[in-house]
Amino acid sequence: MDEYQTEEETAFIVEDVSKVIKESVEVAIGGSTYQHSRVNQWSTSVVEQCLSQLSKMGKPFKYIVTCIIMQKNGAGLQTASACFWDNSTDGSCAVRWENKSMYCIVSVFGLAI
Amino acid sequence: MTGMEEYHNSSEGSFSSEEADVIVKECVDNVVGGEDYSQSQVNKWTSSIVERCLTQLVKHWKQNKYIVTCAVMQKTGGGLHTANSCYWDTTMDGSCTVRWENRTMYCVVSVFAVAVA
């Protein structure tokens, strides 16, 4: 039973991470309108908030959090990522969020130590 | 002392941001250099870019785990902002971000190299 619990504590759980991301984005930019002068501060806020919540989970992972904020202007945006890691222990989670004036795409990559 | 310097300069040593920068620029040039933004092709381009970069990086420094991300955006005057934050071992892990553009699009590629214990 102890071994089973250890596995839970050391696995990358996409649902939990997804929740953390959604909350962090809401807190940082929920209800805001795209503003060139503030977007720098917002994207920094989003990644820092995510990272602090993730490290509080106390799991043995290194994390990389990326955030893209794009003004809704009719432009096309395509993102891709590729990873060279250990499939059995590492994981990632991406969340796409939007409001009337902007898109926000956050990706979290967790690498087991 | 001379021996140690030579080791650090060798590309078989640890991840180097400067060298990774060169590798990434080459990959991007090879995939989208000379192309105009095309909605039907952009999916293929971003996949190509990340796969190529990953292959080249692993060839140079096999001992790390890698994450490569790529964003391609059409130039229409809209604003785009990206940010990254990493929770890792600052002495052993590293990253590199390359911003590339041509007349019709922007391409931002980020590479994260994480040392394996």
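By convention in this document, chain letters (A, B, ...) are assigned in the order of the sequence lines, proteins followed by strands, and residues within each chain are numbered from 1.
The residue among B:Gly78, B:Ser85, B:Cys86 with the most heavy atom pairs within less than 4.5 Å of chain A is B:Ser85. The choice from A:Cys83, A:Ala112, A:Ser107, A:Ser55 that makes the most heavy-atom pairs within less than 4.5 Å of chain B is A:Cys83. Your options are B:Thr69, B:Val72, B:Val108, B:Leu57, and the one with the most heavy-atom pairs under 4.5 Å with chain A is B:Val72. Chain B forms more heavy-atom pairs under 4.5 Å with one residue of A:Asn40, A:Leu111, A:Thr44 than with any other, namely A:Asn40.
Contact record, B:Ala83 with A:Val47: O-CG1, 3.9 Å, taken as the closest heavy-atom pair. Of all the heavy atoms in B:Gln63 and B:Ser14, the pair that sits closest is NE2-CA, 4.2 Å. What you find for B:Ser95 and B:Trp88 is that their closest heavy atoms are CB-CH2, 3.9 Å. For the pair A:Val20 and A:Cys50, the tightest heavy-atom approach, listed with the atom from each and the gap, is CG1-O, 4.0 Å. Here the closest heavy-atom approach between residue B:Leu54 and residue B:Val68 is recorded as CD1-CG2, 3.7 Å. The nearest pair of heavy atoms linking B:Tyr66 to B:Ala113 is CE2-CB, 3.7 Å.
Contacts between B:Asn64 and chain A at a heavy-atom distance below 4.5 Å involve the backbone alone (N, CA, C, O). Looking at B:Ile67, both its backbone and its side chain come within 4.5 Å of chain A, counting heavy atoms on both sides. For B:Tyr37, the part lying near chain A is the side chain, with the backbone staying farther off; criterion is any non-hydrogen pair under 4.5 Å. Proximity to chain B is limited to the side chain of A:Asp90, based on heavy atoms less than 4.5 angstrom apart. Using a 4.5 Å cut-off between heavy atoms, B:Val42 contacts chain A through both its backbone and its side chain.
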Step by step, work out the side chain to side chain donor-acceptor pair (under 3.5 Å) result for A:Asn87 and A:Trp85.
CA-CA 6 Å; A:Asn87 265 336; A:Trp85 61 18; 3.3 Å; yes
Step-by-step side-chain contact (heavy atoms from CB on, under 4.5 Å) determination, B:Met105 to B:Trp45:
CA-CA 12 Å; B:Met105 55 187 167; B:Trp45 288 337; 3.8 Å; yes
Test salt bridge (charged side-chain N to carboxylate O under 4.0 Å, His left out) on B:Lys25 and B:Asp21 and set out the steps.
CA-CA 6 Å; B:Lys25 281 201 176 99; B:Asp21 198 272; 2.6 Å; yes
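Rounding to the nearest 0.5 angstrom, the gap separating the OG atom in A:Ser45 from the CD atom in A:Gln41 is 6.0 Å. To the nearest 0.5 Å, the span separating CG on B:Asp36 from CD on B:Gln74 amounts to 10.5 Å. Remark: B:Gln56 CD to B:Lys59 NZ distance equals 4.5 Å, nearest 0.5 Å. Going from atom CD of B:Glu101 over to atom CE of B:Met73 covers 10.5 Å, rounded to the nearest 0.5 Å.
The side-chain heavy atoms of B:Asn102 and B:Thr104, taken from C-beta on, include a pair separated by under 4.5 Å.
Using a 4.5 Å heavy-atom cut-off against chain B, no residue of residues 92-106 of chain A qualifies as contacting. Among the residues in residues 60-82 of chain A, those with a non-hydrogen atom closer than 4.5 angstrom to a non-hydrogen atom of chain B are A:Phe61, A:Lys62, A:Tyr63, A:Ile64, A:Val65, A:Thr66, A:Cys67, A:Ile68, A:Ile69, A:Met70, A:Gln71, A:Asn73, A:Gly74, A:Ala75, A:Gly76, A:Leu77, A:Gln78, A:Thr79, A:Ala80, A:Ser81, A:Ala82.
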